[in-house]
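Contents: one structure, followed by commentary.
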Amino acid sequence: MVTYWPYGTTLSPDDPDAAPGEAAKDLLLRPRRAPVTEPAPDAPPAVPAGPAPVVPDVRLVTYWPYGAPVNPDDPDAAPWEAAGELLARLHRIPVAGVARGPVAATLLDMGPGNPGALPAPAGQEAAVLPAMRGPAKAARAITRLRAALAAASAPHPAAAPVLRAWAALPPWARAEAPMPVPGSTLCHGDLHLGQLVRHPPPDGPWRLIDVDDLGVGVPAWDLARPAAWFACGLLPPDEWTRFLTAYRTAGGPAVPAEGDPWAALDVPARALTVQTAALFLAKALAAVRELDEVEQCLVDACDRMGSAPPELPAAFPK
């Protein structure tokens with residue numbers, strides 16, 4: 001099965017492990033136009049010119065809009081302000097009642113003054129948005145790590161601190177219990193700078209892409225990756241401040257408008273740290289190699305987490 005985005009020139013194979021029903025639901029959620037961005041020019045044809053590509057297996061394939069990505073060789077130019085603003089605008093999309101029944105299935109462009117309504121496209125049934133999968137993705141990483149450890153020829157010293165940090169998280173952060181406060185915010189589900197592109201390239205506005213993990217839930221989990229990297233010492237304080245300030249200025253609901261944000265961010269950031277360390281360790285075990293500096297930094301952070309309990313809002317039980 002091959003699906004197309006407008007502007008599509010980049011071919012992307014979808015998750016081979018996704019169940020057909022999950023993949024079909026995901027496709028209903030993909031935008032008709034460029035997601036979370038300024039108003040687009042006149043819409044081009046929905047299907048790129050030329051024949052459809054040959055798909056070598058049964059995996060779903062999606063045409064993505066092509067845009068100029070963030071330059072990894074120029075960290076000073078990283079668009080942290082754009083990331084914070086775009087994420088806040090996504091979080092402010094009104095999705096009241098999402099968990100109670102059918103809702104809109106596509107994102108529209110979000111220009112100034114447009115809060116981002118979610119109407120279903122003509123001729124297409126509305127879809128029920130899935131739940132945000134932050135804890136489930138972390139649990140999946142731990143399952144992968146345990147499988148890698150079982151297949152390894154010898155124990156790995158990094159495994160113990162990662163698994164201890166995982167066990168110290170509340171059950172709801174490990175996908176072992178429902179969220180105490182489920183949340184009803186539209187979440188991206190996989191925010192990092194690789195999800196920002198300029199369209200049209202090379203100097204168009206920044207756009208937030210990739211809605212594979214789009215869902216409804218607690219928005220703090222969308223800030224978990226930059227928060228985790230900041231807490232681990234991998235993201236400089238000024239870059240974290242730029243991101244957080246832009247998010248707050250744009251009205252992002254995940255953290256208080258002022259004051260300490262960590263009551264909201266601490267558990268998601270810890271879970272993301274454990275998730276990332278588990279995935280890095282599983283890959284290192286499979287490749288029979290040592291952890292690199294960044295990977296070891298995350299494992300060390302997991303070790304430190306064992307000595308300090310998570311910081312929780314009053315409504316969230318341990």
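Owing to the predicted nature of the structure, the values given are computational and were not obtained by experimental measurement. Residue indices begin at 1 and follow the sequence shown.
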Distance-minimising heavy-atom pair for [X] and [Y]:
{"X": "P261", "Y": "P256", "result": "CA-CD, 4.4 Å"}
{"X": "A246", "Y": "E81", "result": "CB-O, 3.4 Å"}
{"X": "C187", "Y": "P219", "result": "SG-CA, 3.8 Å"}
{"X": "A141", "Y": "A278", "result": "O-CB, 3.8 Å"}
{"X": "W206", "Y": "A68", "result": "CZ3-O, 4.0 Å"}
{"X": "L191", "Y": "R225", "result": "O-NH1, 3.0 Å"}

Return the [atom1] to [atom2] distance between [X] and [Y], rounded to the nearest 0.5 Å.
{"X": "T185", "Y": "M132", "atom1": "OG1", "atom2": "CE", "answer": "9.5 Å"}
{"X": "D212", "Y": "D190", "atom1": "CG", "atom2": "CG", "answer": "8.0 Å"}
{"X": "Q195", "Y": "H192", "atom1": "CD", "atom2": "NE2", "answer": "3.5 Å"}
{"X": "H188", "Y": "D222", "atom1": "NE2", "atom2": "CG", "answer": "7.5 Å"}
{"X": "R146", "Y": "L163", "atom1": "CZ", "atom2": "CG", "answer": "5.5 Å"}
{"X": "W80", "Y": "R242", "atom1": "CH2", "atom2": "CZ", "answer": "8.5 Å"}

Considering only heavy atoms from C-beta outward, does the side chain of [X] approach that of [Y] to under 4.5 Å?
{"X": "W221", "Y": "K137", "value": "no"}
{"X": "R144", "Y": "K283", "value": "yes"}
{"X": "W172", "Y": "P135", "value": "no"}

Quiz item: Going through the distances and angles, do L208 and R89 end up as a side chain to side chain contact (heavy atoms under 4.5 Å, CB included)?
Solution: CA-CA 10 Å; L208 183 59; R89 288 163 64 186; over 6 Å; no
Exercise. Could you check L87 against L223 for side chain to side chain contact (heavy atoms under 4.5 Å, CB included), going step by step and ending with a plain yes or no?
Key: CA-CA 9 Å; L87 184 64; L223 284 73; 3.6 Å; yes
For the hydrophobic clusters of this structure (ILVMFWY residues joined by side-chain heavy atoms under 4.5 Å, transitively), does one cluster hold both [X] and [Y]?
{"X": "L272", "Y": "L244", "value": "no"}
{"X": "L291", "Y": "L279", "value": "no"}
{"X": "L265", "Y": "F243", "value": "yes"}
{"X": "L193", "Y": "L298", "value": "yes"}

Looking only at atom types and distance, does a side-chain atom of [X] sit under 3.5 Å from a main-chain N or O of [Y], one as donor and one as acceptor?
{"X": "Y247", "Y": "A254", "result": "yes"}
{"X": "H91", "Y": "A220", "result": "no"}
{"X": "R174", "Y": "A139", "result": "no"}
{"X": "H199", "Y": "Y66", "result": "yes"}

Quiz item: Are D266 and R270 within salt-bridge range, i.e. N to O under 4.0 Å?
Solution: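 Looking at D266 and R270, the cut-off is met.
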Practice problem: Name the orientation class of the two ring planes belonging to F230 and W262 (parallel below 30°, tilted from 30 to 60°, perpendicular beyond 60°). | Solution: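 Correct class here is parallel.
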Quiz prompt | Contacts of R164 that satisfy salt bridge (charged side-chain N to carboxylate O under 4.0 Å, His left out) - sequence neighbours left out | solution =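 If we apply the salt bridge (charged side-chain N to carboxylate O under 4.0 Å, His left out) test to R164, skipping adjacent residues, the hits are D303.
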Quiz item: Among all residues two or more places apart in sequence or in another chain, which pass the salt bridge (charged side-chain N to carboxylate O under 4.0 Å, His left out) test with E239?
Solution: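 With sequence neighbours excluded, E239 shows a salt bridge (charged side-chain N to carboxylate O under 4.0 Å, His left out) to no residue whatsoever.
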Practice problem: Test side chain to side chain contact (heavy atoms under 4.5 Å, CB included) on F280 and V299 and set out the steps. | Solution: CA-CA 9 Å; F280 280 154; V299 171; over 6 Å; no
